[in-house]
S.K.: 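After the structure tokens below, expect a handful of questions from me.
Here is how names work: the chains are called A, B, and so on, in the same order as the sequence lines, proteins then strands, and each is numbered from 1. Atoms considered below: every heavy atom in the structure, side chains included; atoms not considered: hydrogens, waters and symmetry mates.
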Amino acid sequence: MIKVLYFARLREELKTGSESVAAVPDLRSLKDMLRARGGDWAEIFGDGQWVMASVNQKMADLDTPLTDGDEVAFFPPVTGG
Amino acid sequence: MPYNQEGPSVSEIVIQSEPIDVAAIQDKLRANNPSVGAVVTFLGLMRDMNQGDQVFSMFLEHYPGMTEKALREILDEAERRWDLLGVRVVHRVGELSPTDAIVLVAVASAHRGEAFRACEFVIDFLKTRAPFWKKERTGNGDRWVSARHGDSDAEKRWGE
């Protein structure tokens with residue numbers, strides 16, 4: 001399983017902060033799977049949306065491979081400081 | 001002997017909901033260390049206006065665990081680039097009010113040039129790489145703050 005976390009605006013719009021999903025090979029496959037849920041998911045994970053991601057708490061791009069037990073997070077561009 | 005790549009890190013990261021005690025942090029960076037010739041401090045403050053709207057308060061969310069790791073990477077890189085004698089990053093989370101300090105970056109070094117550059121480097125990278133998100137309470141309702149393109153331009157100045 002892969003643990004998936006959502007932060008800030010994504011957590012509010014998707015109405016969930018965390019879930020577990022079946023393992024997939026990489027971040028791109030995970031994003032495609034989430035987009036296929038339709039509705040707000042299709043909107044947020046659709047093309048042209050600026051969503052950042054991390055794998056095991058390190059910034060990651062869509063080619064990043066995933067393995068069972070990984071922690072993935074999706075979030076909007078950061079606005080600290 | 002200043003910090004070098006083989007030495008222990010001289011930087012510390014604190015994420016807290018309490019107000020930032022600026023003077024205490026600056027004092028600690030120079031206490032008992034006569035090789036410190038400069039301490040440069042950046043304070044990021046909450047303003048009461050943003051994009052033309054009055055902002056009454058702000059909520060800072062972060063990603064516990066990743067926040068510390070992302071900041072650690074930035075500080076390690078700063079210590080590789082410059083000879084630093086101490087670095088403190090303190091970032092607030094939770095509820096903030098206008099005039100509150102959101103973030104402090106303080107850098108101690110033998111001379112001011114390295115301290116100025118390292119301080120600016122750290123805040124530029126914190127802005128684009130550390131997982132914090134601001135939500136503003138305004139006269140027109142609550143809203144998440146959008147990332148500014150100017151922030152990624154500021155980061156790019158430093159090269160890879």
Side-chain angles (χ1 to χ4, degrees), chain A residues 1-21 26-28 30-31 34 39-81, chain B residues 13 15 42-47 50-51 58-74 89-94 96 101-105 119-136 142-152 154-155:
Chain A
M1 300 295 280
I2 296 195
K3 186 178 180 188
V4 189
L5 306 175
Y6 306 95
F7 287 95
R9 182 176 54 77
L10 266 63
R11 186 193 62 250
E12 288 187 353
E13 291 180 3
L14 297 171
K15 298 176 186 67
T16 181
S18 81
E19 62 175 321
S20 286
V21 301
D26 55 27
L27 204 49
R28 190 183 314 277
L30 177 59
K31 195 177 169 188
L34 296 173
D40 290 334
W41 298 85
E43 174 92 12
I44 283 172
F45 293 104
D47 293 331
Q49 294 298 307
W50 193 13
V51 172
M52 295 174 84
S54 63
V55 174
N56 298 328
Q57 306 188 346
K58 270 182 80 85
M59 292 288 188
D61 60 34
L62 290 176
D63 295 325
T64 306
L66 297 178
T67 51
D68 198 45
D70 279 349
E71 177 179 298
V72 173
F74 291 103
F75 42 82
V78 301
T79 55
Chain B
I13 297 156
I15 311 299
F42 170 81
L43 274 187
L45 303 170
M46 186 187 157
R47 292 176 300 145
N50 191 22
Q51 296 174 325
M58 180 182 272
F59 185 83
L60 248 300
E61 175 176 334
H62 77 126
Y63 181 176
M66 179 170 170
T67 307
E68 292 80 357
K69 285 181 191 169
L71 290 172
R72 171 53 55 198
E73 277 188 27
I74 296 167
V89 173
V90 183
H91 204 296
R92 286 190 65 185
V93 292
L96 279 84
I102 303 166
V103 62
L104 168 145
V105 178
C119 186
E120 194 170 22
F121 173 90
V122 170
I123 188 63
D124 281 354
F125 277 79
L126 182 153
K127 283 265 180 190
T128 52
R129 304 217 174 167
F132 292 98
W133 302 276
K134 291 178 179 137
K135 191 177 198 182
E136 295 175 334
D142 293 358
R143 66 183 182 201
W144 290 99
V145 174
S146 305
R148 289 155 40 99
H149 286 290
D151 289 336
S152 51
E155 184 205 292

S.K.: Please output the side-chain donor-acceptor pairs of residues 70-81 of chain A that fall under 3.5 Å, not counting sequence neighbours, one pair per line with the distance.
M.R.:
| unit_1 | atom_1 | unit_2 | atom_2 | d |
| --- | --- | --- | --- | --- |
| A:D70 | OD1 | A:N56 | ND2 | 3.0 |
| A:D70 | OD1 | A:T67 | OG1 | 3.4 |
| A:D70 | OD2 | A:T67 | N | 2.7 |
| A:D70 | OD2 | A:T67 | OG1 | 3.4 |
| A:E71 | OE2 | A:Q57 | NE2 | 3.2 |
| A:E71 | OE2 | B:Y63 | OH | 2.4 |
| A:T79 | OG1 | B:K134 | N | 2.9 |

S.K.: Is it the side chain or the backbone of B:E68 that comes within 4.5 Å of chain A heavy atoms, both, or neither?
M.R.: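 When you check distances to chain A, no heavy atom of B:E68 falls under 4.5 Å.
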S.K.: Tell me, yes or no, whether the heavy-atom count around A:E19 atom CD, taken from other residues, nucleotides or ligands under 6.0 Å, exceeds 12.
M.R.: yes
S.K.: Looking at CZ of A:R9 and CZ of B:R143, how far apart are the two atoms once the value is rounded to the nearest 0.5 Å?
M.R.: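 Answer for the CZ-CZ pair, A:R9 versus B:R143, is 14.0 Å.
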S.K.: Can you tell me which of B:L104, B:V93, B:V145, B:D151 forms the most heavy-atom pairs within a distance under 4.5 Å of chain A?
M.R.: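 Ranked by heavy-atom pairs under 4.5 Å with chain A, first place is B:V145.
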S.K.: Count the heavy-atom pairs under 4.5 Å between each of B:E73, B:R148, B:R92 and chain A, then report the option with the highest count.
M.R.: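 Most heavy-atom pairs within the cutoff with chain A belong to B:E73.
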S.K.: With the side chain counted from C-beta on, respond yes when A:F7 and B:E61 share a heavy-atom pair under 4.5 Å apart, and no when they do not.
M.R.: yes
S.K.: Among residues at least two apart in sequence or on other chains, which ones pass side-chain hydrogen bond (donor to acceptor under 3.5 Å, both in side chains) with B:T67?
M.R.: B:H62
S.K.: Identify which of B:F132, B:F42, B:W144 forms the greatest number of heavy-atom pairs closer than 4.5 Å to chain A.
M.R.: B:W144
S.K.: Does A:E12 come within less than 4.0 Å of B:K135, counting only side-chain N to carboxylate O?
M.R.: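 Yes, charged N to carboxylate O under 4.0 Å.
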S.K.: Working to the nearest 0.5 Å, report the span between OG of A:S54 and NZ of B:K69.
M.R.: 9.5 Å
S.K.: Which region of B:A70, side chain (C-beta onward) or backbone (N, CA, C, O), has a non-hydrogen atom less than 4.5 Å from a non-hydrogen atom of chain A, or is it both or neither?
M.R.: neither
S.K.: Decide side chain to side chain contact (heavy atoms under 4.5 Å, CB included) for A:M59 and B:M66; before the verdict, give the C-alpha distance in whole Å, the side-chain angles of both, and the deciding distance to 0.1 Å.
M.R.: CA-CA 9 Å; A:M59 292 288 188; B:M66 179 170 170; 3.8 Å; yes
